[in-house]
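Below is one structure; the comments refer to it alone.
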Amino acid sequence: MRRKKMYKLNDGRDIPEFGFGTYKLNGHSGVQSIVSAINNGYTMLDTAYNYENEGAVGRAISESGINRDKLTVTSKLPGRYYAYNDAITALQESLYRTKLDYFDLYLLHWPNPKRGMYVEAWQALIDAQKFGLVKSIGVCNFLPEHLQKLQKETGILPAINQIELHPYFNQADMCKFDKDNGIVTMDWSPLGRASSVLQDPVLVELGKKYHKTVGQIILRWEYQLDTIPIPKSSSPVRQRENLNIYDFEISNSDMDKINDLTKADGRTHDQDPAVYEEF
């Protein structure tokens, strides 16, 4: 069983409920992995300027033979280009690298609050949407105070907030804030960067109970949280496995068991958006 639903964004557009992460999929091998993912049924691809693989993503789209309008392609603006004119130019350069006419979704990669330029960058994305360079706009790693400032300064909230989310860091409060404000939550590192989560005894037992892998249990949990996971895998077998989460449902009590695994310090790389800066 495959696609069950699309998410309606606050700008009226629809987006798939499952995506494919491309971080560290670079060069020829990266192209082949992304082509494999497209052929295995992924219709949403997630890249970023800082991944240095936008060209590989564009090449994979070309080689896949899939019509461009059947795919949802996401990229992200790095903090060093948050000045208005720099943001527009960087977005154009990303499109040139992918050889695409537009991105379906374009995000600010981090708020970088110490520099205080994310509102200016957000205004650039608002205008880029009007110019037709991007269909929908959003952010990554934004906290409630950052989102509230965007709304206060521009009157427009992001369609997407892509955040770190996995069983050891379920971001329940952040997800609730997003949902209450009409923002769809997307999950980066949905399986956790560390392999330890895949060995967690609670998740291992749930895998046995539902006759699924631990990865499938986690992705189904995120799906039932009404968030969008974007797992990455270079293995065609694992790519298909990650999509095979629609033929079972996790009970409410088992959902609670997974949520109980969350930790206050559950971030995998201590990247707290309140202080972390990435350029």
Legend entry - Lys/Arg-Asp/Glu bridge criterion (N-O < 4.0 Å) met for D86, R80: no

Inset, instruction - Using a strict 4.0 Å threshold on nitrogen-to-oxygen distance, state whether K8 and D14 make a salt bridge. - result: yes

Legend entry - Main-chain N/O of N244 paired to K212 side chain as donor or acceptor, under 3.5 Å: yes

Legend entry - Atom CG of D180: over 12 foreign heavy atoms under 6.0 Å: yes

Inset, instruction - For the residue pair F142 and Y118, categorise the inter-ring angle as parallel (less than 30°), tilted (30 to 60°) or perpendicular (more than 60°). - result: perpendicular

Inset, instruction - Give a yes or no on whether a salt bridge exists between D247 and R220, defined as a side-chain N under 4.0 angstrom from a carboxylate O. - result: no

Inset, instruction - May I ask you to decide whether D254 forms a salt bridge with K257, counting only side-chain N to carboxylate O separations under 4.0 Å? - result: yes

Legend entry - Carboxylate-amine/guanidinium proximity below 4.0 Å for E63 and R59: yes

Inset, instruction - Indicate yes or no: does R68 engage D101 in a salt bridge with an N to O separation below 4.0 Å. - result: no

Inset, instruction - May I ask you to decide whether D46 forms a salt bridge with K76, counting only side-chain N to carboxylate O separations under 4.0 Å? - result: yes

Legend entry - Option among V184, T185, D187 that satisfies the side chain to side chain contact (heavy atoms under 4.5 Å, CB included) test with I228: V184

Inset, instruction - Flag the pair F279 / Y81 as yes when their ring centroid distance falls below 6.0 Å, and as no otherwise. - result: no

